[in-house]
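This report concerns only the one structure given below.
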Amino acid sequence: MAYDDHHPAPEPPARRSIELDAAEALRLLGTVSLGRIVFTRQALPTVRPVNHVLVDGDIVIRTHEGAALTSHVGQADGTGVVVAYEADLIDPDTHLGWSVVVTGYAHLVTDPRELTRYEALLRPWLDRTMEHSVRIHPELVTGIALVGDADEGPGERSLARYDGDDHP
C-alpha cells in the first residue's frame, strides 16, 4: 500500500504479541498450505516459498530433481540437514494473525510407500513434476499470535478466527 506526503498512514489499531506453545503453533501451521523453507546454499541462507502438508507432526514438502533443496538434502548424512520453516496468516489490513517458525532436520524421503502417500496428500502448486519429497522433523517450534487489545489470549477462542478457515 503506497502513501503520499499529503495523506499520512492511518494509525494502526492497538495490538499485542502472544507467544504460542509448540502444540498450538503446529496446529496453526497445519491450517495453511504455504510456507517458506530456509536452508543453506553455498554457505548462505536461501529462502524458497513452498506448499506443505503436516503429517504425523512432520512438515512434508515436494520438490523436483535439480532443485537446490533436493540436492542439498540428498547429500546429507543420517542426521539430515538443519532447516527452518516459516508459515503465517496475517491480515494485511488489520495486521492481526499468527506466525510460526519450525527449526529441524530435513530428510529426503526414500520409502516408495511414503512417497506415494505424500504424492496423494500434497499437490504442487507448480505445473511441474515433483518426484521427491522432503520431510522436516521439528526440533524447535516457536510461534506468536498478533491479537487486538480486545482479544483474551492464546486460547482456542481467541485464535480460532486466525486459523486457515476464518481470516482475521
Side-chain angles (χ1 to χ4, degrees), residues 1-2 17-146 159 162-168:
M1 183 181 291
S17 171
I18 299 172
E19 193 168 325
L20 302 173
D21 65 33
E24 178 67 356
L26 278 177
R27 184 193 74 78
L28 288 169
L29 186 137
T31 67
V32 298
S33 61
L34 178 69
R36 292 147 210 88
I37 188 160
V38 182
F39 59 99
T40 304
R41 184 175 182 198
Q42 298 176 349
L44 296 171
T46 301
V47 181
R48 295 283 189 270
V50 294
N51 62 320
H52 70 268
V53 66
L54 198 61
V55 178
D56 302 326
D58 289 346
I59 300 161
V60 177
I61 63 174
R62 292 184 54 209
T63 186
H64 59 88
E65 189 67 40
L69 179 63
T70 305
S71 173
H72 187 59
V73 173
Q75 296 172 8
D77 60 14
T79 60
V81 174
V82 174
V83 299
Y85 194 82
E86 188 273 341
D88 55 51
L89 184 62
I90 298 174
D91 184 273
D93 296 321
T94 64
H95 306 150
L96 300 176
W98 56 268
S99 178
V100 171
V101 176
V102 171
T103 305
Y105 292 95
H107 299 271
L108 210 52
V109 176
T110 57
D111 181 278
R113 286 179 297 184
E114 281 185 88
L115 288 168
T116 300
R117 179 181 182 205
Y118 299 151
E119 187 175 306
L121 290 173
L122 183 61
R123 297 283 178 219
W125 289 10
L126 297 174
D127 186 19
R128 173 178 207 152
T129 302
M130 301 281 191
E131 57 274 327
H132 298 283
S133 291
V134 173
R135 186 179 51 240
I136 304 164
H137 182 72
E139 294 291 329
L140 176 62
V141 180
T142 60
I144 60 162
L146 302 170
L159 284 181
Y162 300 121
D163 65 18
D165 297 328
D166 296 315
H167 296 276

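Not a single donor-acceptor pair under 3.5 Å links the side chain of H52 to the backbone N or O of G30. Side-chain atoms of E131 come within 3.5 Å of backbone N or O of E65 as a donor-acceptor pair. Under a 3.5 Å cut-off, the side chain of N51 and the backbone N or O of R123 do form a donor-acceptor pair.
Counting all heavy atoms, side chain and backbone alike, A106 lies closest to V73 at O-CG1, 3.8 Å. Across every non-hydrogen atom of T94 and D91, the tightest pair is N-OD1, 2.7 Å. Minimum interatomic distance between W98 and T31 (heavy atoms only, all atoms of both residues): CZ2-OG1, 3.9 Å. The shortest heavy-atom contact between L34 and V50 is CD1-O, 3.3 Å. In terms of heavy atoms, S133 sits closest to V60 at CB-CG1, 4.4 Å.
By the 4.5 Å heavy-atom criterion applied to side chains, I90 and L146 are counted as neighbours. In this structure the side chain of L69 reaches within 4.5 angstrom of the side chain of I61, judged on heavy atoms. For the pair L29/L54, a side-chain contact is recorded, criterion being any heavy-atom separation below 4.5 Å from C-beta on. Side-chain contact between T103 and V82 is present, with at least one heavy-atom pair separated by less than 4.5 Å.
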Distance-only check: which donor-acceptor pairs under 3.5 Å involve side-chain atoms of residues 134-143, not counting sequence neighbours?
unit_1: R135; atom_1: NH1; unit_2: E114; atom_2: OE1; d: 2.3
unit_1: H137; atom_1: ND1; unit_2: D58; atom_2: OD1; d: 2.8
unit_1: T142; atom_1: OG1; unit_2: V101; atom_2: O; d: 3.4

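Sorted by first and then second residue, the pairs that involve residues 34-43 and meet side chain to side chain donor-acceptor pair (under 3.5 Å), not counting sequence neighbours, are R36-E86.
For T63, the side-chain hydrogen bond (donor to acceptor under 3.5 Å, both in side chains) partners at least two apart in sequence or on another chain are T70.
Note that the OG1 atom of T116 and the CG atom of L121 stand 11.0 Å from one another [nearest 0.5 Å]. From D88, atom CG reaches atom CG of L28 across 11.0 Å, with rounding to the nearest 0.5 Å.
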